[in-house]
Amino acid sequence: MSTREIPVIAGDGIGPEITQAVLSIVDVAAARAGTSIQWIPVVAGLGALEHGKELLPQRTMDEITRCKVALKGPCTTPVGEGFTSINVKLRKAFNLYAAVRPVRSLPGVATRYQDVDIVIIRENTEGLYSGVENEVTPGVVMSMKVASQNACQRIATWAFKFANRRGRKKVTVMHKANIMKLTDGLFLNCADGVHEVDYPNIVFESTIIDAGCMKLVQDPSQFDVLLLENLYGDVVSDLCAGFVGGLGVVPGANFGDREAIFEAVHGSAPDIAGKDVANPLALLMSAVMMLNYLAEQDQQETFAACATAIRNAYDGCLQAGEKTRDLGGSLGTKAFAEAVIRRLEEG
Ligand code: NAI
């Protein structure tokens with residue numbers, strides 16, 4: 001039986017409990033598909049500091065470089081003070097410029113919206129997340145929004161290529177180029193150019209983001225692929241999570257040209273940490289994205305089989321009302337993982 005090594009960062013808050021739940025599910029699915037995964041625990045952020053290590057230890061960097069993928073739980077970032085976000089640091093360290101966040105209506109999860117199937121593609125390295133802030137004079141502070149031709153072109157190319165490969169019909173850029181004429185203007189123009197030259201087969205639309213958010217809330221099913229700069233992508237991902245059941249059900253992946261890190265959209269949820277109530281589904285769905293990615297990268301069909309089995313198992317659970325409390329069910333984190341495993345074993 002082949003074994004694939006995968007570094008895993010459990011993260012903070014609910015991170016360790018949802019990670020434990022997800023690994024137990026993936027292990028069962030892998031064994032049933034005739035493969036196995038060797039998880040390599042590594043630390044980052046608060047978890048690393050608590051172990052007396054630096055924020056992003058060299059071993060964590062080395063293992064991710066060696067294995068080219070990682071599964072990551074949420075990491076806490078102090079608000080308004082303290083260390084810089086380890087999430088942003090990791091994305092920058094590996095140049096993971098494309099964040100992909102699929103938002104899909106789920107069976108058995110009733111919300112105000114049906115038929116939502118949006119993929120958010122977020123530029124992950126620039127914009128207001130440049131981290132360049134300074135005090136101009138006492139009482140006046142400034143944050144720098146950065147946009148470069150290379151990065152805008154790169155993410156636009158990535159988004160259209162993704163849409164084309166997945167048979168998606170439309171890419172919509174949300175921007176504020178009416179106000180930020182240079183930065184958002186560059187982002188918009190690059191997308192327009194990539195569309196015109198390389199992907200005229202895909203419909204291209206753009207909307208000013210404030211009106212775009214209104215349109216999203218009115219009818220999210222009119223959107224297909226959304227392409228956004230860093231901050232807008234962050235905010236709109238959480239907004240869209242609300243269409244399909246909340247932050248507990250939206251996965252994510254951060255891709256570079258070489259490495260990829262898979263993580264849920266949500267954070268470390270300190271308000272529910274350690275209570276066995278967190279929904280592990282978003283991280284589980286991120287693991288499914290990782291397995292499908294590995295199936296392509298390693299040319300290992302067993303990983304695709306594993307991903308399909310897990311997806312069928314959790315869809316079955318949701319349809320049968322076996323859900324965590326955020327989705328209106330009554331299962332705790334562990335009980336939900338056990339329910340998914342039962343279905344995997346039956347299947
Ligand atoms: P959050 O996403 O952690 O929580 C927002 C709300 O959603 C909370 O009420 C929480 O209980 C609920 N929630 C989140 N995930 C859930 C799950 N799996 N199941 C059930 N309910 C869930 O956002 P918040 O509170 O603003 O941030 C907490 C910390 O997480 C901060 O330090 C922030 O910087 C960090 N963060 C980390 C991210 C990452 O590691 N990629 C992403 C977003 C935030």
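Residue numbers count from 1 along this sequence. Each ligand, and each atom within it, is numbered from 1 in the order the structure gives.
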Please identify each residue that fulfils salt bridge (charged side-chain N to carboxylate O under 4.0 Å, His left out) with Lys181, with sequence neighbours left out.
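Testing Lys181 for salt bridge (charged side-chain N to carboxylate O under 4.0 Å, His left out), a comparison that skips the adjacent residues, returns none.
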Side-chain ion pair, [X] and [Y], N-O less than 4.0 Å:
{"X": "Asp184", "Y": "Lys145", "result": "yes"}
{"X": "Arg343", "Y": "Glu346", "result": "no"}
{"X": "Arg101", "Y": "Asp238", "result": "no"}
{"X": "Lys176", "Y": "Glu229", "result": "no"}
{"X": "Arg168", "Y": "Asp224", "result": "yes"}

One pair per line, please: each N/O atom of ligand 1 matched with every protein N/O atom under 3.5 Å away, atom names first, then the distance to 0.1 Å.
| unit_1 | atom_1 | unit_2 | atom_2 | d |
| --- | --- | --- | --- | --- |
| ligand 1 | 2 (O) | Gly267 | N | 2.7 |
| ligand 1 | 3 (O) | Gly267 | N | 3.4 |
| ligand 1 | 3 (O) | Gly267 | O | 3.4 |
| ligand 1 | 3 (O) | Ser268 | N | 3.3 |
| ligand 1 | 3 (O) | Ala269 | N | 2.8 |
| ligand 1 | 9 (O) | Asp271 | OD2 | 2.9 |
| ligand 1 | 11 (O) | Asp271 | OD1 | 2.9 |
| ligand 1 | 11 (O) | Asp271 | OD2 | 3.0 |
| ligand 1 | 18 (N) | His266 | NE2 | 3.3 |
| ligand 1 | 18 (N) | Asn279 | O | 2.9 |
| ligand 1 | 19 (N) | Asn279 | N | 2.9 |
| ligand 1 | 30 (O) | Ser268 | N | 3.0 |
| ligand 1 | 30 (O) | Ser268 | OG | 3.2 |
| ligand 1 | 32 (O) | Thr77 | N | 2.8 |
| ligand 1 | 32 (O) | Thr77 | O | 3.1 |
| ligand 1 | 40 (O) | Lys72 | NZ | 3.2 |
| ligand 1 | 40 (O) | Cys75 | N | 2.8 |
| ligand 1 | 40 (O) | Asn87 | OD1 | 3.0 |
| ligand 1 | 40 (O) | Asn87 | ND2 | 3.1 |
| ligand 1 | 41 (N) | Glu263 | OE1 | 3.1 |

